[in-house]
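Lettering follows sequence order; numbering is per chain, from 1.
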Number of protein chains: 2
Amino acid sequence: MDAKAIKRSFDGSGFRCTPQRYAVMAFLMEHNSHPTAAEIFKAVNRVDPHSSRATTYNNLRDLVQAGLVREVAVEGRAARFDAKGMRHHHFICDRCGNVEDLEWYDVPRPATRSLGKRMLRECELIFRGLCTKCAPRRTSR
Amino acid sequence: MDAKAIKRSFDGSGFRCTPQRYAVMAFLMEHNSHPTAAEIFKAVNRVDPHSSRATTYNNLRDLVQAGLVREVAVEGRAARFDAKGMRHHHFICDRCGNVEDLEWYDVPRPATRSLGKRMLRECELIFRGLCTKCAPRRTSR
DNA sequence: TTAAAAATTTAGACTATGTCTAATGTTAGA
DNA sequence: TCTAACATTAGACATAGTCTAAATTTTTAA
């Protein structure tokens, strides 16, 4: 993949591009499966076992803070992560909890009145239901 | 509040309206602060200490399954709950993690094409930013 | 080049949140 | 009133994630 681009994305983030951080970013950019921290830790260490559990968790937090990675909380399950590439919405499966990307489209903002003194940063659309794997096959049910 | 209405809401849910479950429902209907399970447990037992921790957690899960309560996952924080009264959207504070209700309005559904074989159940809009308490006071910054 | 400072990694202890088990209690309905 | 199904409980357990303190690596500045 584009190693240079990954390294460049760290510029101005306040974080160094260490081998451990690079591995996390590269993995997330190559896989849009929204892995959990545990899955990322395992995957990264399968290739080159030089990132500890603590480092993986710390780095994920740093990357989220730097705005390079997004964390997705799922009810009753471990958090999932994705590289903030193209804008997209999320579909979360009621049954298996998997997170999938859905084509992005503009979302109407709430009325200024109802926001009050709150400072709005982003509007996120989350779709729920059954993913392709979990949806019943035919018209049965 | 409307004790009868709370009891009636259990009809057809497959769950009995026990004192412990009633207490959870009543608390959630009187407070729209989106409390965590731990907060609900404490609050309910302050009034009448007859619900154990396990029961509170079990009942919250049951009530969510019955569709009477909604669970809101927040990144890096404990899950929060609210009674599914009027439809509304959620505002989640980046800084303190508090969840607030925002007036409901219709959300455009994604294109059928991009949904594929997925079965869509609901579209949820989540706003992020700083709540009134956490937003900077004046125009400073 | 090198010494000191800053940032990063690490193992493993620790914390928070939530689930499970097995025993006990309660309720609805025959 | 008896019984089967349902519900509650204490406390052990599981999972996900954080923290600490020491070691390592990188950067800065002389």
Would the distance check show the side chain of B/Glu124 and the main-chain N or O of B/His89 forming a donor-acceptor pair, the cut-off being under 3.5 Å? no
Considering residues at least two apart in sequence or located in another chain, which fulfil the ring-ring contact (aromatic ring centres under 6.0 Å, His included) criterion with B/Phe15? none
Quick check: does any side chain N or O of A/Asn45 sit under 3.5 Å from a backbone N or O of A/Ser51, one acting as donor and the other as acceptor? yes
Review item, nucleotides 11-17 of chain D N/O atoms under 3.5 Å of protein N/O:
residue : atom : partner : partner atom : Å
D/dG17  : OP1  : A/Ala79 : N            : 3.2
D/dG17  : OP2  : A/Tyr57 : OH           : 3.4
D/dG17  : N7   : A/Arg53 : NH1          : 3.3
D/dG17  : N7   : A/Arg53 : NH2          : 3.4
D/dG17  : O6   : A/Arg53 : NH2          : 3.1

Taking only N/O atoms, report every protein-nucleotides 4-8 of chain D pair under 3.5 Å with atom names and distance.
residue : atom : partner : partner atom : Å
D/dC6   : O4'  : B/Arg16 : NH2          : 3.4
D/dA7   : OP1  : B/Arg16 : N            : 2.9
D/dA7   : OP1  : B/Arg21 : NH1          : 2.8
D/dT8   : OP1  : B/Thr18 : OG1          : 2.5
D/dT8   : OP1  : B/Gln20 : OE1          : 2.9
D/dT8   : OP2  : B/Asn59 : OD1          : 3.1
D/dT8   : O3'  : B/Gln20 : NE2          : 3.3

With B/His90 via ring-ring contact (aromatic ring centres under 6.0 Å, His included) - residues at least two apart: B/His34, B/His88
For A/Arg121, side-chain hydrogen bond (donor to acceptor under 3.5 Å, both in side chains) partners two or more places apart: B/Asp94
side-chain hydrogen bond (donor to acceptor under 3.5 Å, both in side chains) filter on A/Ser52, not counting sequence neighbours, yields A/Thr55
Degree of bending, the helix from C/dT1-D/dA30 to C/dA30-D/dT1 (end axes from five pairs; round to 10°): 30°
Clusters formed by hydrophobic residues whose side-chain heavy atoms approach within less than 4.5 Å: which one holds A/Met86, and what are its other members? none
If you define the side chain from C-beta out and look only at heavy atoms, does anything of A/Tyr22 sit under 4.5 Å from A/Asn59? no
Chain A vs DNA chain C, heavy-atom contacts under 4.0 Å, first-to-last nucleotide span, 5' to 3', is C/dA7 to C/dA13
Side chains of residues 112-120 of chain A: which donor-acceptor pairs under 3.5 Å do they make with residues two or more places apart or in other chains?
residue  : atom : partner  : partner atom : Å
A/Ser114 : OG   : A/Ala111 : O            : 3.0
A/Arg118 : NE   : A/Leu115 : O            : 3.0
A/Arg118 : NH1  : B/Glu100 : OE1          : 2.4
A/Arg118 : NH2  : A/Ser114 : O            : 2.9

I'd like to check the side-chain hydrogen bond (donor to acceptor under 3.5 Å, both in side chains) partners of B/Asn58; sequence neighbours left out, ordered by chain and number. B/Arg61
State which residues pass side chain to side chain contact (heavy atoms under 4.5 Å, CB included) with B/Ala43; sequence neighbours excluded, sorted by chain then number. B/Phe27, B/Arg46
